[in-house]
Protein chains: 2
Amino acid sequence: MAGIKDVAAAAGLSVATVSRVLNGHPSVSEDARTRVTAAVEGLGYRPNALARSLRTDQTRTLGLVISDVLNPYFTELARSVEEEARALGYSVVIGNANERPELQDHHVRTLLDRRIDGLLVSPADGSSPLMRQTAEGPTPMVFVDRWMPGLDVPVVRADGTGAVRDLVAHLHGLGHRRLAIIAGPAATTTGHERVEAFREALHAYGIPLPAELVGQGDFQADSGRRVTEGFLALPEPPDVVFAADNLMALGALDAIRARGLAVPDDIGLAAFDDIPWFVHTGPPITAIAQPTAELGRAAVHALTDLIEGRPPQSVTLPARLVVRRSCGEPATTAPDPRDPRSQL
Amino acid sequence: MAGIKDVAAAAGLSVATVSRVLNGHPSVSEDARTRVTAAVEGLGYRPNALARSLRTDQTRTLGLVISDVLNPYFTELARSVEEEARALGYSVVIGNANERPELQDHHVRTLLDRRIDGLLVSPADGSSPLMRQTAEGPTPMVFVDRWMPGLDVPVVRADGTGAVRDLVAHLHGLGHRRLAIIAGPAATTTGHERVEAFREALHAYGIPLPAELVGQGDFQADSGRRVTEGFLALPEPPDVVFAADNLMALGALDAIRARGLAVPDDIGLAAFDDIPWFVHTGPPITAIAQPTAELGRAAVHALTDLIEGRPPQSVTLPARLVVRRSCGEPATTAPDPRDPRSQL
DNA sequence: CTGAAAGCGCTTACAG
DNA sequence: CTGAAAGCGCTTACAG
């Protein structure tokens with residue numbers, strides 16, 4: 001592969017001058033510029049990014065560690081992050097933790113070794129020492145979606161409290177009283193926050209949330225399946241199951257179907273996270289939608305602000321309830337028109 | 001950040017010796033090894049991967065350029081690639097082309113600039129000069145899923161011909177005669193191969209495939225929506241629509257639903273690519289499943305073989321038909337038991 | 001077994 | 001405006 005020396009030789013100039021035109025430095029003669037450009041063209045020269053980064057101490061690269069690539073929510077987040085980063089002149093390299101803390105740490109380490117300029121993380125657990133240490137280290141970092149309390153790290157996330165309250169109101173209005181939840185790992189913020197929001201919303205209606213109706217999942221489909229089987233085996237199964245993410249909802253659907261039961265007649269189902277398929281399931285699934293693309297953009301901005309020395313902005317955006325038919329309401333019944341968050 | 005010099009100073013040794021223990025070189029005394037290890041530990045030292053790669057001319061990194069991160073097929077492929085690569089000691093950085101040739105080229109360039117050891121690509125078009133040039137360049141490359149003919153590059157892909165034939169047999173058996181397809185871009189191999197396979201299979205039954213029943217999509221949901229609207233507006237709409245990937249099937253479903261029609265009563269639907277949601281749509285969707293994870297593993301092996309100087313292996317694996325109810329067959333009707341590829 | 005030194009491909013003060 | 005030189009953080013013959 002041609003190096004900068006080859007270009008210099010071909011252009012009859014020093015590597016310093018070549019470097020200057022490559023980097024758009026103003027003090028270069030028009031003549032030098034054209035000769036270098038021609039040489040670059042002729043040789044098909046491309047600067048070695050490793051060497052450049054080693055020298056300049058910046059990679060123009062962002063690291064993004066997501067919890068699960070198979071989750072459409074994170075995939076949409078990743079896409080939004082990549083687009084915004086590209087628009088700002090950064091590329092992004094993605095690490096998939098697959099909801100496994102040790103894999104998450106592996107990716108964080110690899111990314112740091114590559115000297116990425118900044119790190120975007122949706123932590124897979126609440127207590128990774130590596131993450132603490134990284135937060136205190138020199139590499140700028142921001143949390144997206146999930147976060148770890150007690151660290152001086154900007155957080156960009158959605159607040160589902162209002163939407164969960166709307167969901168419970170909707171369920172209560174349909175006459176459901178025995179409501180269950182498939183929770184994510186308690187070690188993650190989204191894992192426990194969603195349960196707490198649900199519990200509080202139920203409390204407002206005087207409905208308890210007994211331990212038997214809180215299933216411990218891990219945000220992946222299998223756990224949704226397993227937990228739902230448990231619910232269905234209960235002497236008194238729940239009227240509705242609320243899955244804390246879309247993959248566990250998929251698992252729940254598998255389990256319900258395997259038992260030969262139907263949604264919503266035998267049991268209702270709702271999910272946190274909205275995905276395009278929820279429109280076409282039998283029946284369409286009531287879900288809580290996050291402003292995913294917006295979160296991705298805000299996260300990139302917070303991170304690049306940090307990198308470039310501007311004050312970063314933590315952002316919390318509201319999630320909203322999307323009522324469909326999986327909890328029993330007919331599609332044609334309009335939701336309460338006074339509530340702007342409750343839309344079809 | 002601590003560098004190798006700091007470690008050397010802390011250990012009272014030269015950087016050369018530190019480097020040797022870091023790289024597991026045999027000629028190091030036990031004493032040196034323990035002192036270095038202690039110093040590394042104490043300083044929290046991590047080698048700078050950029051500097052190491054610059055020196056050794058290898059990054060232990062694979063580049064993967066996929067056509068669309070929002071497509072669960074590619075997401076599953078990416079996951080499989082990453083896992084296999086990790087097992088072999090490589091990390092992978094993903095570029096998402098979003099079905100846009102210029103974005104694909106952007107990612108290929110960026111990846112090459114970073115001096116990845118090898119490139120895995122599912123080309124978004126059939127004629128990128130960059131891709132040709134890269135194939136002839138020094139960086140090992142293999143095509144996954146899609147490929148470009150005429151290049152000396154190993155190809156790892158699925159062959160859907162048999163499955164498409166099974167699909168047509170299934171449709172013909174149900175009495176359907178007017179069959180349409182939503183094709184991918186003709187510039188991609190999977191874009192035209194699937195149409196040709198479909199056309200030939202129809203031909204065997206004496207069924208023509210007129211131009212009006214071949215819709216031009218781009219593998220993304222919107223195009224599926226648009227093409228399907230066109231089909232439905234035909235004086236004589238098709239009995240069944242076959243979408244050449246799962247995202248266009250999603251779009252088709254949107255369009256059918258928007259028209260107030262029902263699957264399969266008003267129109268049948270089948271898709272290339274099988275995804276977990278197809279089990280739960282109303283009705284469950286008949287699809288052609290690829291051995292995705294296996295393809296990912298085979299691709300990584302072909303690429304690492306190339307990188308490490310072993311002869312690489314091109315691989316073609318058969319896809320298989322998964323009959324569900326979206327074309328009219330009741331779930332309880334068993335498929336032909338003599339055909340092992342036709343499974344529920 | 002260990003260290004001094006060269007060099008990977010760049011960028012950037014510094015001097016002219 | 002241009003070039004010679006130092007240096008980013010490593011690895012690796014080479015010599016001892």
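Chain naming here is simple, since letters A, B, ... match the order of the sequence lines and numbering starts at 1 in each. Computed from a prediction, not measured in an experiment: that's the story for all the values here.
Whole-Å rounding puts the Arg35(A) CZ to dC1(D) C1' distance at 12 Å. The distance from atom CZ of Arg55(A) to atom P of dT11(C) is 9 Å, rounded to the nearest whole Å. Distance CG (Asp57(A)) to C1' (dC10(D)): 14 Å, rounded to an integer number of Å. In this structure, CD1 of Ile4(B) is placed 14 Å from C1' of dC8(D), rounded to the nearest angstrom. Distance CG (Asp31(A)) to P (dG3(D)): 11 Å, rounded to an integer number of Å. dC10(C) atom P lies 16 Å from atom CD of Gln58(A), rounded to whole Å. Atom NE2 in His25(A) sits about 11 Å away from atom C1' in dT11(C), given to the nearest Å. In this structure, Leu22(A) atom CG and dC10(C) atom P are separated by 8 Å, rounded to whole Å.
A donor atom on one side chain and an acceptor atom on the other are not found under 3.5 Å apart for Ser53(B) and Arg114(B).
When the shell of 6.0 Å around CD of Gln313(A) is examined, it contains 12 or fewer heavy atoms from other residues, nucleotides or ligands. Dense packing is recorded around CG of Asp31(A), with more than 12 heavy atoms of other residues, nucleotides or ligands lying under 6.0 Å away. Around atom CG of Asp57(A), no more than 12 heavy atoms belonging to other residues, nucleotides or ligands sit under 6.0 Å away.
Among the protein residues, Asn23(A) comes within range of the sugar-phosphate backbone only, with heavy atoms under 4.0 Å from sugar or phosphate atoms but none that close to a base. As judged by a 4.0 angstrom heavy-atom cut-off over every strand, Leu50(A) is placed among residues making no nucleic acid contact.
Considering only side-chain N and O atoms, Asn48(A) lies nowhere under 4.0 angstrom from the phosphate OP1 or OP2 of dC8(C). In this structure, Thr56(B) does not reach the dC8(C) phosphate: none of its side-chain N or O atoms is under 4.0 Å from OP1 or OP2. Here Thr17(A) reaches the OP1 or OP2 of dG3(D): one of its side-chain N or O atoms lies under 4.0 Å away.
Remark: side-chain polar atoms of Ser67(B) are paired, donor with acceptor, to backbone N or O of Ser122(B) under 3.5 angstrom.
Heavy-atom nearest nucleotides on DNA chain C were determined for Lys5(A) and for Val15(A), and the one closer to the 5' end corresponds to Lys5(A). Where Met1(A) and Leu13(B) each meet DNA chain C at their nearest nucleotide, the meeting point lying more 5' is that of Leu13(B).
The side chain of Ala51(A) sits closest to dG9(C) out of dT11(D), dG9(C), dT11(C). The side chain of Ser27(B) lies closest to dC1(C) when the candidates are dC1(C), dG3(D), dG9(D). When each of dG3(C), dC8(D), dC8(C) is scored by its nearest atom to the side-chain atoms of Ser14(B), the top-ranked nucleotide is dG3(C). When distances run from any side-chain atom of Ala16(B) to the nucleotides dT12(D), dT11(C), dC1(D), the shortest one goes to dT12(D). For Leu54(B), whose side chain is taken as the heavy atoms from C-beta onward, the closest listed nucleotide among dG3(C), dG9(D), dT12(C) is dG9(D).
Side chain Arg20(B) to base dG3(C): a donor-acceptor pair is found below 3.5 Å.
Looking at Leu306(A) and Thr304(A), their side chains never come closer than 4.5 Å, going by heavy atoms from C-beta outward.
dG16(D): Watson-Crick or G-U partner is dC1(C), with both key distances under 3.5 Å.
dG16(C) and dT12(C) are spaced 16 Å apart, taking the C1' atom of each and rounding to whole Å.
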